[in-house]
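Structure, as structure tokens:
Here the structure is a predicted model, which means the values were calculated and not measured.
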Amino acid sequence: MTRSLNVSNSAVAKSGGLSRRAMVQVSTAIAAAPLVGCATSPSGNMPGSDTVEGEPNPVMMRMNLQVNGVAYPLTIDGRTSLLDALRENMNLKGSKKGCDHGQCGACTVLVDGKRINSCLTLAVMHEGQAITTIEGLSNGEALHPMQTAFIKHDGFQCGYCTPGQICSSVGMLAEAKSGMPSHVTQDLQVATSVLTDDEIRERMSGNICRCSAYPNIVAAIRDVSGAAA
Ligand code: FES
Ligand code: FES
């Protein structure tokens with residue numbers, strides 16, 4: 001930086017005035033000065049960084065997560081999403097990463113019985129809560145009724161969205177049963193888990209299936225919805 005300025009000043013002095021070339025050199029050097037001087041450390045990295053240029057140091061945090069009834073003591077970067085913690089730190093690969101942006105629902109899990117997109121939340125926010133993934137829905141070899149219904153109605157093709165669809169539908173039926181209305185609910189006074197196909201489609205609209213297995217997914221959920229009644 002200093003060298004650039006000296007060269008530029010000397011160019012100006014020798015020319016006896018500001019030649020176009022010198023003007024460009026001086027302007028460029030001055031414009032770059034605050035950026036270079038303030039933003040980088042002697043190593044060339046951002047302040048506080050000794051790993052990847054431009055990335056702050058990870059802040060490792062200790063936490064305990066309760067997943068499918070099992071306690072997982074973890075030491076992970078505080079910025080880790082719940083989805084990444086499940087998949088990369090707990091080796092629970094059932095929850096899928098479709099978009100990592102809250103748009104596809106493939107990562108849906110249940111937290112204290114409520115469905116959430118695990119890609120949109122930090123793992124550290126869920127200490128002390130009961131997290132249920134697709135691996136925890138069954139009771140040993142006995143499948144959850146929703147899992148059985150998806151098999152019975154062929155509610156999938158490639159299966160990538162299926163863990164999210166199943167976790168979401170389990171949480172969704174609980175929401176409906178508790179009286180939570182949807183955008184198409186006709187009677188706000190009646191809480192029921194018996195849902196019309198329109199209700200099922202609306203309430204499951206956050207779960208995308210690229211194979212378009214929607215008719216079979218709706219049939220599976222309708223089946224369980226009726227059985228729940
Ligand atoms: Fe979370 Fe798509 S991966 S919503
Ligand atoms: Fe393939 Fe849904 S079954 S994405």
Side-chain angles (χ1 to χ4, degrees), residues 63-176 200 203-225 227-228:
M63 66 190 81
N64 275 288
L65 292 184
Q66 196 76 21
V67 184
N68 302 329
V70 177
Y72 289 84
L74 301 169
T75 303
I76 56 177
D77 186 337
R79 299 167 298 178
T80 307
S81 71
L82 178 57
L83 176 62
D84 283 342
L86 289 168
R87 290 181 56 82
E88 309 303 331
N89 299 97
M90 291 174 254
N91 203 31
L92 295 168
K93 309 275 190 185
S95 307
K96 297 294 185 282
K97 184 181 281 190
C99 64
D100 212 19
H101 282 82
Q103 295 176 348
C104 72
C107 63
T108 306
V109 299
L110 301 170
V111 175
D112 286 343
K114 295 187 172 58
R115 55 182 174 161
I116 64 166
N117 290 331
S118 60
C119 72
L120 287 187
T121 187
L122 298 178
V124 69
M125 295 166 67
H126 299 287
E127 210 168 11
Q129 295 179 315
I131 300 162
T132 306
T133 67
I134 190 68
E135 292 94 340
L137 275 185
S138 60
N139 184 8
E141 294 296 305
L143 294 180
H144 187 281
M146 194 63 80
Q147 293 174 304
T148 305
F150 266 68
I151 294 170
K152 176 182 165 190
H153 293 277
D154 221 8
F156 47 84
Q157 288 184 40
C158 78
Y160 197 79
C161 72
T162 312
Q165 299 276 5
I166 292 177
C167 285
S168 185
S169 55
V170 170
M172 181 274 284
L173 287 186
E175 289 165 12
I200 293 172
R203 289 171 185 268
M204 292 295 294
S205 58
N207 289 81
I208 308 301
C209 175
R210 64 185 171 186
C211 301
S212 286
Y214 297 113
N216 301 26
I217 291 170
V218 171
I221 298 172
R222 188 196 310 125
D223 198 344
V224 179
S225 160

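- Put simply, CG on D100 and CG on D84 are 6.0 Å apart, with the number rounded to the nearest 0.5 Å.
- The CG atom of L65 sits 6.5 Å away from atom CD1 of I76, with the distance rounded to the nearest 0.5 Å.
- A donor-acceptor pair is defined here as one N or O able to donate and one able to accept, closer than 3.5 Å; such a pair exists between the side chain of S118 and the backbone of C107.
- Considering only residues two or more places apart in sequence or on other chains, A220 meets the side chain to side chain contact (heavy atoms under 4.5 Å, CB included) condition with A149, F150, H153.
- Every side-chain hydrogen bond (donor to acceptor under 3.5 Å, both in side chains) that Q129 has, sequence neighbours left out, goes to H126.
- The shortest heavy-atom contact between G98 and C104 is CA-SG, 3.6 Å.
- Among all heavy-atom pairs drawn from L120 and H101, the shortest one is CD2-C, 3.8 Å.
- Between C119 and K97 there is no side-chain heavy-atom pair separated by less than 4.5 Å.
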Carefully, step by step, assess C167 and L137 under the rule side chain to side chain contact (heavy atoms under 4.5 Å, CB included).
CA-CA 8 Å; C167 285; L137 275 185; 4.2 Å; yes
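- Within the 3.5 Å criterion, the main-chain N or O of N64 finds a donor-acceptor partner in the side chain of E127.
- Every residue meeting the side chain to side chain contact (heavy atoms under 4.5 Å, CB included) condition with L122, not counting sequence neighbours, appears here in chain and number order: V124, M125.
- The distance from atom OH of Y214 to atom CG of N207, rounded to the nearest 0.5 Å, is 8.5 Å.
- Atom CD of Q165 is separated from atom NZ of K96 by 13.0 Å, given to the nearest 0.5 angstrom.
- When all heavy atoms of C99 and G102 are compared, the closest pair comes out as SG-N, 3.5 Å.
- Here M63 contributes atom CE and T80 contributes atom OG1; the two are 6.5 Å apart, rounded to the nearest 0.5 Å.
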Could you walk me through whether L110 and I131 satisfy the side chain to side chain contact (heavy atoms under 4.5 Å, CB included) test, starting with their C-alpha distance in whole Å, then the side-chain angles of each, then the deciding distance to 0.1 Å, before giving a yes or no?
CA-CA 6 Å; L110 301 170; I131 300 162; over 6 Å; no
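- Looking at Q103 and I208, their side chains never come closer than 4.5 Å, going by heavy atoms from C-beta outward.
- Looking at V109 and I116, their side chains come closer than 4.5 Å, going by heavy atoms from C-beta outward.
- Counting heavy atoms from C-beta outward, Q147 and I134 have side chains that approach closer than 4.5 Å.
- Here M172 contributes atom CE and M146 contributes atom CE; the two are 6.5 Å apart, rounded to the nearest 0.5 Å.
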Apply the test side chain to side chain contact (heavy atoms under 4.5 Å, CB included) to residues Q157 and N216: give CA-CA distance (whole Å), side-chain angles for both, the deciding distance (0.1 Å), then the verdict.
CA-CA 10 Å; Q157 288 184 40; N216 301 26; over 6 Å; no
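- For K93 (side chain) and R87 (main-chain N/O), a donor-acceptor pair under 3.5 Å exists by modelled atom type.
- Looking only at distances, no side-chain donor or acceptor of N117 sits under 3.5 Å from a matching main-chain atom of T108.
- By the 4.5 Å heavy-atom criterion applied to side chains, Y72 and L92 are counted as neighbours.
- S169 contributes a side-chain N or O that, together with a main-chain N or O of I166, makes up a donor-acceptor pair within less than 3.5 Å.
- Considering all non-hydrogen atoms of both residues, A213 and C209 come closest at N-SG, 3.3 Å.
- For the pair F156/C211, no side-chain contact is recorded, criterion being any heavy-atom separation below 4.5 Å from C-beta on.
- Partner of E175 under the side-chain hydrogen bond (donor to acceptor under 3.5 Å, both in side chains) criterion, chosen from R115, R203, K114: R115.
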Give the intermediate values and the outcome of side chain to side chain contact (heavy atoms under 4.5 Å, CB included) for residues L143 and I151.
CA-CA 10 Å; L143 294 180; I151 294 170; 3.6 Å; yes
